Each structure stands twice: as structure tokens, then as C-alpha cells.
Amino acid sequence: MGENKADEYGSIPVPNVQYIAMNELKEIPGRYIQPKAETDSVSMDESREIPVIDLQELLHGQGGDQMASFHTACKDWGFFQLINHGVTEGVIEKIKGDAEEFFRLPLEKKKAYAQQAESVQGYGQAFVVSEEQKLDWCDIFALRTFPIDERLAKFWPTSPPSFSETIERYVEELQELNLRLLELIAKNLGVDADKLTNTCKNGTQWFRINYYPPCPQADKVIGISPHSDPSLITLLIQVNEVEGLQIKKNGTWVSVKPLPGAFIVNIGDAIEMLSNGVYKSIEHRGTINPERERLSIAVFQLPTSGILVGPFEEVLGNSGAKYKTVDYDEYMKSYFGTKLEGKRALDLVKLGEI
């Protein structure tokens, strides 16, 4: 691993939610209470489930039906569940087991990997940028896993003993899966595959475990606040069977019911910009169970630092570019800078304000 290198985006330290929840919680601390969580509309329609895509059928199927379904999933939903994805089952089960074991460690052992002021890597919370902002009911453990020479060795865990090796094997397999999906996305958009995959050549990959403790007043808190991902694509697995992911579809929150062994894949902001809005980066959030903890693991594939991101010429059509071409590093600054204002950086790109 390379020398320690500070990330550009830090997170203000706040109390660990797991520790708060373990100590006979009688009253939720005020910064975690989010009144909007109680009033948001959630769809109860069981038919409104995100599409299921079979990767092997996409790669080896005859005819265009599978690719058409994939196109619809990216265009109309921005989310899908991926089955027969080719990632080794043993690698998936091992990363799940090590993630659960890590969050069972005593607080002091986990704090050996605590986030520092200059970095969002390590154990802590996701993107706390102000002393006043409302807080999510979630702890995270995050690593920048690619490029290899930008890894921060001090955050790679030695407890449990196999964890670092497990993470290494897992993210390498997901790196390959990311490339396969990007190639298929390019094909559906009518763009040369190399043109899209080159946007993340030597690009950044992030690995993150989300830990959501139970909360007896679950309707007053939010696990992760509504957001879209700045990535090209994001791959998520559910560690245990507790549900909690919701996506926004036509103004209503729709609960995702994970399939055993499937990845939940979502289109990120970068793909929405590159596709000129043909494919959608959808807002999503994490909710809390009143009695049981929930864990998930997300891997984010981002474009290469410093490249320009904007609509490919092949997707402009008659209407022209709907998104301004922006430096991706500047976009990331705006992404985190707009969190307090309740805005999406993606909307600012549409308006030409970045």
C-alpha cells in the first residue's frame, strides 16, 4: 500500500450510534430526530418492485429481450437486482461474516480505525460536514480501495484477522463486475465500450459497510438521508435479512426486497450525466428497524479523478446537451457542499451552476 494520503473530504467526529443504541436508549438525542421521516409517503403496492436482471442471460442470451429489459431498468428505475452475476459465493459470504464480526468488536477496538479530520476513510459516520446538521442513525466503515497507491494502510483492519484479505478479494471481483456492467451500459447507449470504461481507468473505488442499529422509535430517525450516489454505478449487498433500503419512484418511497445472493445495483450521477439523462440516478435512503440491526455493504465505482464528465456525443439527439460538462473533482466538491442546503449537485449541473 502507498503512503498515507489525505482525502479531500473529511467528516466531523460525532458519537457512535451503535454505542448510543446499546445503552438503554430512553430518549433519542435531538440531532437524530428527523420529523420528515414520519410524514413521507411509502408505497404499499407489492407490484412496485425493482427489476431483476440476469447477467448470464445478458452476456450469453439470444435476441435483444434481455438487453431491452436492462435498458428499461436503467432508464425507468435507475435500480435493479442482479442475479447470476459471477461473483464467487464464498467471497460474498466471507465478506458478510467479517463485516458482522467487525461491528461486534468492542467500541475501543473499532475506534483504532476511527476517521480522522482529513479523511472519510475508517470507522465513523458518513459525511458530517456541520455541527448543526441532522445526523443519520448509522455507523460506517469505509475504505478507498482503488487506485491501490492511494490506499491508507492505517485504516485497513487487522481485526478480524482475515478482514483485509477478504476485502481485497471482494473488491477485485467487483472491479471486474463493474467493468462488465459498464460495457453493457455502453452497448445499450450506442457508445463504444472503451469510451465508457476509460472514464474509470485508474479510477476510484470505495468500499463501505453501513451499520444501522435498531431504534425503538424508528419512525423518528433515518438510517441514511435521501441522496443519489456520485458514482458511475454502485453495487450493494444485504448482509443480513433485515430490509431497509427505499428508492424514490414518482414521488413515493418504494421498499426494496433483496433477493438472496443478488446485488442491488444503482445508476450513479456520473452515468446520468454521461448518458444525457437517458439513465437515471435515483434518490434513495436507508430506514431503521425498531428491533433488529441491519448491515449492508456498498462498493462505489467513480470516474478517474480530474476527468471531464458530460454527455457523450452519441446520446445528444435533437435536444442537445441537458447537462453541463464538468470537472469531476469539482463535481465532488459540490456534491458534498450542497448536502446542508438540501440540494442535489446533479440538479445544479443541469442548470449550469457548477
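Quantities reported herein were computed from a predicted structural model and do not represent experimental measurements. We number each residue from 1, following the sequence as shown. Reckoned from all heavy atoms, side chains included, excluding hydrogens, waters and symmetry mates.
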Checklist entry - Any idea how F163 and F102 line up, ring-wise: parallel (<30°), tilted (30 to 60°), or perpendicular (>60°)? => result tilted
Checklist entry - Distance under 6.0 Å and angle within 45° of the ring axis: does R151 meet both against F146? => result yes
Next on the checklist: Counting neighbours of CG on N202 that are heavy atoms of other residues, nucleotides or ligands and sit closer than 6.0 Å, is the number greater than 12?
Outcome noted: no
Item to check | Enclosure of K187 NZ (heavy-atom neighbours >12, cutoff 6.0 Å) | outcome: no
Checklist entry - Which atom pair, heavy atoms only, marks the closest approach of C215 to I28? => result SG-CD1, 3.8 Å
Item to check | Same apolar cluster: L152 and W156, side chain cutoff 4.5 Å | outcome: yes
Checklist entry - Would a hydrophobic clustering, with Ile, Leu, Val, Met, Phe, Trp and Tyr connected at side-chain separations under 4.5 Å, put W206 with V239? => result yes
Item to check | NZ/K109: more than 12 non-hydrogen atoms of other groups inside 6.0 Å | outcome: no
Next on the checklist: Atom CD of residue position Q56 - does it have more than 12 heavy atoms of other residues, nucleotides or ligands inside 6.0 Å?
Outcome noted: yes
Next on the checklist: Quick check on the hydrophobic clustering: are L274 and L308 connected, directly or via other members, by side-chain heavy-atom contacts under 4.5 Å?
Outcome noted: no
Item to check | Short side-chain to backbone donor-acceptor contact, Q115 and Q125, under 3.5 Å | outcome: yes
Checklist entry - Are F300 and L235 connected in the hydrophobic side-chain network, where two residues link if heavy atoms are under 4.5 Å apart? => result yes
Checklist outcome for this item: All heavy atoms of S228 vs all of D269, minimum pair found to be OG-OD1, 2.8 Å
Checklist entry - Under 4.5 Å between any side-chain heavy atoms of Y212 and D136, yes or no? => result no
Checklist entry - Taking all non-hydrogen atoms of both residues, which atom of M273 and which atom of L346 are closest, and how far apart? => result CG-CD1, 3.6 Å
Show me, pair by pair, the donor-acceptor contacts under 3.5 angstrom made by side chains of residues 174-184, not counting sequence neighbours?
unit_1	atom_1	unit_2	atom_2	d
Q175	OE1	Q205	NE2	3.2
N178	ND2	L174	O	3.2

Item to check | With F312, the side chain to side chain contact (heavy atoms under 4.5 Å, CB included) member among L196, D192, N276 | outcome: L196
Item to check | For P311 against T325, the heavy-atom pair lying closest together | outcome: CD-OG1, 4.1 Å
Next on the checklist: Can a donor-acceptor pair be found, under 3.5 Å and without considering hydrogens, that links the side chain of Y123 to the backbone of L107?
Outcome noted: no
Next on the checklist: Test side-chain contact (heavy atoms from CB on, under 4.5 Å) on Y279 and E272; report intermediate values, then the result.
Outcome noted: CA-CA 5 Å; Y279 288 170; E272 179 165 334; 5.9 Å; no
Checklist entry - Between F141 and F103, is the gap from one ring center to the other below 6.0 Å? => result no
Next on the checklist: I need the minimum non-hydrogen distance between G244 and R294, along with the two atoms involved.
Outcome noted: N-NE, 3.6 Å
Item to check | Side chains of E314 and L189 in contact at under 4.5 Å (non-hydrogen atoms) | outcome: no
Item to check | Shortest non-hydrogen contact between H284 and W253, atoms and distance | outcome: CA-CZ3, 3.7 Å
Next on the checklist: Could you check whether S162 and K94, counting side-chain N and O atoms only, form a donor-acceptor pair closer than 3.5 Å?
Outcome noted: yes
Checklist entry - Does the side chain of W77 come within less than 4.5 Å of I282's, by heavy atoms? => result no
Next on the checklist: Please report the interatomic distance CH2(W137) to CD(Q217), rounded to the nearest 0.5 Å.
Outcome noted: 9.0 Å
Checklist entry - Would the number of heavy atoms belonging to other residues, nucleotides or ligands and lying under 6.0 Å from NZ of K134 be above 12? => result yes
Checklist entry - Quick one: do I92 and L259 end up in the same hydrophobic cluster if we chain Ile, Leu, Val, Met, Phe, Trp and Tyr together by side-chain heavy atoms under 4.5 Å apart? => result no
Item to check | D139 side chain reached by K110 side chain, heavy atoms, under 4.5 Å | outcome: no
Checklist entry - Do R292 and E241 come within less than 4.5 Å of each other through their side chains, counting heavy atoms only? => result yes
Checklist entry - Are side-chain heavy atoms of P230 and Y328 found at a separation under 4.5 Å? => result yes
Item to check | Y19 backbone acceptor or donor facing N16 side chain under 3.5 Å | outcome: no
Next on the checklist: So V256 and E243, do their side chains get closer than 4.5 Å, heavy atoms only?
Outcome noted: no
Checklist entry - Does K96 come within less than 4.0 Å of E93, counting only side-chain N to carboxylate O? => result yes
Checklist entry - Ignoring hydrogens and geometry, is there a side-chain-to-backbone donor-acceptor pair from D327 to D329 under 3.5 Å? => result yes
Checklist entry - Where the side chain of T304 meets the backbone of T199, is there a donor-acceptor pair that is under 3.5 Å apart? => result yes
Checklist entry - Heavy atoms, side chains only, cut-off 4.5 Å: are F79 and V254 in contact? => result no
